[in-house]
Amino acid sequence: MKSTARRQSYGVKGAPYAFLFPAALLFGLFFALPIGYAVWLSFRKVKVSGLGLGAGARQEVWAGLENYTDALTDSELMHGALRVLGYGCIVVPVMLGLALLFALMLDSEKVRLAPFTRLAIFLPYAIPGVVAALLWGFLYLPDVSPFYFVLDKLGMPQPDLLDGGPLYLALSNIAVWGGTGFNMIVIYTSLQAIPAEVYEAAKLDGATPSQIALRIKIPMVAPSLVLTFFFSIIATLQVYNEPTTLKPLTNSVSTTWSPLMKVYRDAFGDGDIYGAAAQAVIIAFATLLLSFGFLRAANRRQKQEAAR
């Protein structure tokens, strides 16, 4: 009986690991292993002997930090990072501002058709990014866009949204249109978790709906705002679908418009997988550093507010 009880005890203790094993295996194969391989490639390079012909003429050797030095001194990568920074300065505040506004409106007692409105705002998020970029890309083209047709009939100016400065607005519009619904759902769910007694107490104290929204709702959903801001930063730094999809429609989008586009071009266009791996590692490290710094600052502020 002791051996049976011991086996049952081992089975109970090992059950969590058995459930975790499939997820851990998939994580290792499709996430950790590719990252490790990219880091390994980033420290390698190809050494060509002679004319590069024949067996053994091209060998993979250790490169040290050479690929990282080349990446950090690459002007195209730096310019792409600056473009993404400008893009993010438009996308993140506008998208989160609209998400918060829609969530507060849906949480209002006077709102009508809330389920339909909530679905309509969220629906663009369900559309794949490439499809959304194609949809908006054709709406931006003067020859096929119904908006330009209307502007022409009204005798109004027809701006080229795929050239120069307006290109940032065109790309940002796609991201805002597709991402606002997801962030709105996150904030709205947090609003729904606030106890009704809090609102009733505020109303008894004479608080108006706007005061309740500014002084109660927004501070209490601050963790959700931090979470959505965190996800938005990561998505902005990894922008790829929108500019890549619009590239065939305009000459203003180069193959290195964003850092990830440059990584793709270097790896699969120029065949420099080692330099591209170093660039990818730098982008991943920058994303991790910015995300960690933001979360640490947010946690520090929450602790300071809790201590008051």
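Contact of the R83 side chain with the T256 side chain is registered, since non-hydrogen atoms from C-beta on lie closer than 4.5 Å. F102 has its side chain out of reach of I187: every pair of non-hydrogen atoms, C-beta onward, lies at least 4.5 Å apart. At a threshold of 4.5 Å between non-hydrogen side-chain atoms, the residues I218 and L104 count as touching. You'll find the side chain of L139 reaches within 4.5 Å of the side chain of P146, heavy atoms only. Using a 4.5 Å heavy-atom cutoff, the side chains of L98 and M184 are not in contact. Counting only heavy atoms from C-beta outward, the side chains of T244 and W257 never approach each other to under 4.5 Å. Looking only at side-chain heavy atoms (C-beta outward), S291 and I234 come within less than 4.5 Å of each other. The shortest side-chain heavy-atom distance between Y274 and E60 falls under the 4.5 Å cut-off.
Hydrophobic cluster membership differs between M95 and L225, with clusters built from Ile, Leu, Val, Met, Phe, Trp and Tyr side chains linked at under 4.5 angstrom. In the hydrophobic clustering of this structure, L123 does not group with L101; members are Ile, Leu, Val, Met, Phe, Trp, Tyr whose side-chain heavy atoms approach within less than 4.5 Å, directly or through other members. Under a hydrophobic-cluster definition in which Ile, Leu, Val, Met, Phe, Trp and Tyr are linked whenever side-chain heavy atoms come within less than 4.5 Å, directly or via other members, V131 and V144 are assigned to the same cluster. By the criterion of side-chain heavy atoms lying less than 4.5 angstrom apart, applied directly or through intervening Ile, Leu, Val, Met, Phe, Trp or Tyr residues, M105 is not grouped with I194; the two fall into different hydrophobic clusters. One hydrophobic cluster, built from ILVMFWY side chains closer than 4.5 Å, cannot hold both L191 and I121; they sit in different ones.
To the nearest 0.5 Å, atoms CG (L96) and OG1 (T228) are separated by 4.5 Å. Atom CE of M261 sits about 10.5 Å away from atom CG of N241, to the nearest 0.5 Å. Atoms CG and CG, on L246 and L171 in that order, are 5.5 Å from each other to the nearest 0.5 Å. Here the CG atom belonging to N173 is positioned 10.5 Å from the CD atom belonging to E242, to the nearest 0.5 angstrom. Here the CG-CG distance, from L249 to L141, works out to 5.0 Å after rounding to the nearest 0.5 Å. Interatomic distance, CG of L237 versus CG of L288, reported as 11.5 Å (0.5 Å rounding).
A side-chain donor-acceptor contact under 3.5 Å links T73 to the backbone of D70. Judged purely by atom type and a 3.5 angstrom limit, S190 has no side-chain atom pairing as donor or acceptor with the backbone of S224. Side chain of S42 to main chain of V39: a donor-acceptor pair is present (N/O by atom type, distance under 3.5 Å, no hydrogens or angles). A donor-acceptor contact shorter than 3.5 Å is absent between the side chain of D205 and the backbone of A207. Listed for the S252 side chain is a donor-acceptor partner under 3.5 Å among the backbone atoms of L162.
The neighbour count for F268 CZ, taken as heavy atoms of other residues, nucleotides or ligands under 6.0 Å away, does not exceed 12. Other residues, nucleotides and ligands contribute more than 12 heavy atoms inside 6.0 Å of the OH atom of Y168. Under a cut-off of 6.0 angstrom, the local environment of CZ in F122 is crowded, with over 12 non-hydrogen atoms contributed by other residues, nucleotides or ligands.
Closest approach of D266 and A276 over heavy atoms only: CB-CB, 4.2 Å. The nearest pair of heavy atoms linking I282 to A71 is CD1-CB, 3.6 Å. Among all heavy-atom pairs drawn from D107 and Y188, the shortest one is N-CE1, 3.9 Å. Scanning all heavy atoms of the two residues, the minimum distance from L77 to P259 falls at CD1-CB, 3.9 Å.
For Y140 and Y148, the distance between ring centers is not under 6.0 angstrom.
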- Message: I'd like to know whether W136 forms a side-chain contact (heavy atoms from CB on, under 4.5 Å) with L161, so could you lay out the CA-CA distance, the side-chain angles of the two residues, the decisive distance to 0.1 Å, and finally the verdict.
- Response: CA-CA 11 Å; W136 281 102; L161 297 177; over 6 Å; no
- Message: Assess the residue pair N67 and R44 against the criterion (side-chain contact (heavy atoms from CB on, under 4.5 Å)); give the C-alpha distance rounded to whole Å, side-chain angles, the decisive distance to 0.1 Å, and a yes or no.
- Response: CA-CA 8 Å; N67 292 325; R44 311 287 289 180; 5.6 Å; no
